[in-house]
Structures are given as structure tokens and as C-alpha cells.
**Q** 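Let me give you the structure first, and then I'll get to my questions.
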Amino acid sequence: MAEPYDIDRRKLLTAATVLTAASAARPGKAQEKPVIDERTVLIIVDVQNDFCPGGSLAVKGGDEVVPVINALAKRFAHVVMTQDWHPAGHSSFASSHPGKKPFETIEMPYGRQVLWPDHCIQGSKGAEFHPGLAVPHAAAVVRKGYRPEIDSYSGFVEADRRTSTGLTGYLRERGFLRAVVVGLATDFCVGWTAQDASSAGFETFVVEDACRAIDLDGSLDKAWAAMAEKDVARIRVADLPG
Ligand code: VGL
Ligand code: ZN
């Protein structure tokens, strides 16, 4: 008659395991200030020539983030970068849709798509990282948007919201719990990357003064609202521990 005790104990253990797993997976609301430790990764989004002044999809002040990110990156042992990486004739380019102009929208099988000037074409100068970006210890570069028919603002999941880049698996396997996101552009690739980082269970921060925005028809306000909804914390460089 020892069974009832054993069963209860086993049940309790199971319940405890489930609880622990659930709290680990839940995107907890980010603290106001991140800890920078072995479990924190800096994600540098799309600091590429085409998004800087002189580039084909220049973001106002895009190059101003370069010195800020260089200094910030020195404080992180673990850094990954994303790189927008489109084939020529990519479906997100206005030039691929006769009669369409840049910044108009179109319906794609996966939803509404903004049409962009040709940018970040694989192997081109415009697709290269800004020459001033100095983060030699970056451990991985995740390229995105390389499928002709699918765009990808997020470094995690492409615009069809199904196709994974593999970044979630990489960061989980490396044991990270927190992600600090910086780069270009706040309202597109930074915003989507940060939302997906949070949805994947990482405590996520966006450093707003280490980002610049495109701000197309209210897209910046919308992006901050969507990030807040996903519990992404909006911080400034000065909020980070030295
Ligand atoms: C981006 C538009 C198109 C970005 C990339 O990096 O924010 N925006 N492709
Ligand atoms: Zn792009």
C-alpha cells in the first residue's frame, strides 16, 4: 500500500517540471534594464550600405548608428548580425512589378507587402555592412530575404510567418535568455526581429538611440506599439550597464 504516496509524489514532480518548462518558455515582460552576461546576446540588424545615406533605401541618419553600435558591441561577449540579402528581381522590389512604384503596396500570397527600391542585392556593395561597422567578434551572420518570393524583415521568421531562418534554434542552443536589438530600420527589420525574439521566449530590449527609422505612413509609431504589445522593452544606450 505504498503506491498512493508514490503516485502523488510522481504527480507532484510532473507538475513541477511542467511549471518550470512553462515559465522558461513564456516571453516574460522584459525588465527595465537588461543584464549583460553570458546569457545575453546583442543582435545587430541590417547595418548595410543600402540603408545608409548614399544607399538605395537610405534611412535618415542610418550611418549615425555605426559609432554607437561599435561602442556598445564592445560590452557584449556575444553578438550576432542580420544581413538583408535579396536576389536580383526579388518580389519585394517595385521594379519586379510593372506599373508599381517604390513605397506602394501589393498583395502577396502571405499578405500586404511594401514595395521597395532595389536594395541589398546579394554580392553588391549596397548589401555589404557599412565599412565603419567594427564588430569583429560577431559570431554569426544570419542572411534573410534570399528566397525570390518571400521578403523577410525579421531575422527569425520570414514574411510568410512560417519560414524560419534558424536563428531561434541557434540562440536557444547557445543558451541565451536575453536579446538586445539595435540597427536599421527601427520600424521594419529591427521591430519585427525584436517582436519575434520576444515571441520565441527571449527577454527582449530595443535600444532606440542605436536605431534609425524609415517612418513610412506612421510605421514608426505602429512598430513601437506592436513591440510594446509583445513586451519588448524600449531603452536607451544610457540604460545599459557599463
Ligand atoms: C528593411 C525594408 C526592406 C530593413 C529591409 O532592414 O528595415 N526595410 N528591407
Ligand atoms: Zn529588404
Side-chain angles (χ1 to χ4, degrees), residues 42-66 68-69 80-97 100-106 108 110-130 133 138 141-161 163 165 167 179 181-197 204 206-208 210-224 226-227 232:
L42 177 67
I43 305 179
I44 303 175
V45 175
D46 297 5
V47 182
Q48 294 167 259
N49 289 324
D50 271 341
F51 299 126
C52 292
S56 64
L57 180 40
V59 178
K60 193 160 175 277
D63 55 341
E64 293 166 10
V65 302
V66 171
V68 177
I69 291 174
V80 303
M81 310 210 280
T82 67
Q83 191 172 24
D84 211 40
W85 197 247
H86 302 305
H90 190 254
S91 56
S92 75
F93 296 170
S95 63
S96 305
H97 304 272
K100 287 285 181 184
K101 291 194 203 64
F103 310 108
E104 291 180 357
T105 59
I106 194 172
M108 298 281 242
Y110 53 76
R112 187 163 290 271
Q113 168 75 48
V114 179
L115 295 174
W116 303 106
D118 290 18
H119 66 278
C120 297
I121 294 178
Q122 296 169 2
S124 70
K125 263 268 173 267
E128 288 176 13
F129 292 118
H130 185 286
L133 190 68
V141 174
V142 175
R143 289 172 164 171
K144 59 183 177 62
Y146 58 82
R147 290 175 179 79
E149 304 309 324
I150 315 177
D151 200 8
S152 189
Y153 298 143
S154 166
F156 291 88
V157 188
E158 302 214 345
D160 62 353
R161 310 311 292 149
T163 304
T165 66
L167 184 55
V181 187
V182 299
L184 305 172
T186 322
D187 40 349
F188 289 93
C189 293
V190 170
W192 284 73
T193 298
Q195 288 180 61
D196 284 352
T204 305
V206 171
V207 186
E208 64 174 321
C211 301
R212 291 293 183 279
I214 294 173
D215 204 7
L216 189 66
D217 300 327
S219 58
L220 184 56
D221 286 344
K222 273 187 217 144
W224 283 122
M227 287 190 267
V232 172

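Predicted, not measured: the structure shown is a model, and the values here were computed from it. Each ligand, and each atom within it, is numbered from 1 in the order the structure gives.
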**Q** So if I count the atoms of ligand 1 from 1 in the order they appear, which ones are less than 4.0 Å from some heavy atom of Ala185?
**A**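 Result: 4 (C), 6 (O), 7 (O).
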**Q** Can you name the closest pair of heavy atoms from Val181 and Val190 and give their distance?
**A**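 Nearest pair, atom of Val181 first, then Val190: CG1-CG1, 4.0 Å.
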**Q** Roughly how far, to the nearest 0.5 Å, is NZ of Lys144 from NE2 of His86?
**A**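 The NE2 atom of His86 sits 6.5 Å away from the NZ atom of Lys144.
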**Q** What I want to check is whether the side chains of Gln113 and Asp151 have a donor and an acceptor closer together than 3.5 Å.
**A**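 There is such a pair (donor and acceptor under 3.5 Å, judged by atom type) between the side chains of Gln113 and Asp151.
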**Q** With respect to the Zn ion (ligand 2), please indicate if Asp46 possesses an N, O or S atom at a distance under 2.8 Å.
**A**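 Asp46 does not place any N, O or S atom closer than 2.8 Å to the Zn ion (ligand 2).
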**Q** Does even one non-hydrogen atom of His119 get within less than 4.0 Å of ligand 1?
**A**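 Yes; His119 lies near enough to ligand 1 that a heavy-atom distance drops under 4.0 Å.
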**Q** Would you mind checking if Asp217 and Lys222 are paired as a salt bridge, meaning a charged N to carboxylate O distance below 4.0 Å?
**A**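 No, this pair does not count.
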**Q** With the Zn ion (ligand 2) at the center, what angle do NE2 from His86 and NE2 from His119 span, rounded to 10 degrees?
**A**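 Value, to the nearest 10 degrees: 90°.
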**Q** Please say whether Asp84 places an N or O atom under 3.5 Å from an N or O atom belonging to ligand 1.
**A**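 Asp84 vs ligand 1: N/O contact under 3.5 Å present.
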**Q** As a test of reading the structure, name the N/O/S atom of Asp84 that is nearest the Zn ion (ligand 2).
**A**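 This residue's closest N, O or S atom turns out to be OD2.
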**Q** Mind telling me whether His119 and Phe51 have parallel, tilted or perpendicular rings, with 30° and 60° as the class edges?
**A**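 Plane angle between 30° and 60°, so tilted.
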**Q** What are the atoms of ligand 1, with element, lying closer than 4.0 Å to any heavy atom of Leu184?
**A**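 Taking each heavy atom of Leu184 in turn, ligand 1 has 6 (O), 7 (O) under 4.0 Å.
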**Q** If you count the non-hydrogen atoms of other residues, nucleotides and ligands that lie under 6.0 Å from NZ in Lys100, is the total more than 12?
**A**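 Enclosed: over 12 neighbouring heavy atoms sit under 6.0 Å from NZ of Lys100.
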**Q** Using a cut-off of 6.0 Å, state whether more than 12 heavy atoms not belonging to Trp85 lie near its atom CH2.
**A**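 Atom CH2 in Trp85 is packed in, count exceeds 12.
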**Q** Check ligand 1 against Asp46 and write out every atom of the ligand that is under 4.0 Å from a heavy-atom position of the residue.
**A**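 Once the distances to Asp46 are compared, the set is 4 (C), 6 (O).
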**Q** Which residue owns the protein heavy atom closest to atom 4 (C) of ligand 1, what's the atom, and how far is it?
**A**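 Looking at atom 4 (C) of ligand 1, the protein heavy atom closest to it is Cys189 SG, 2.7 Å.
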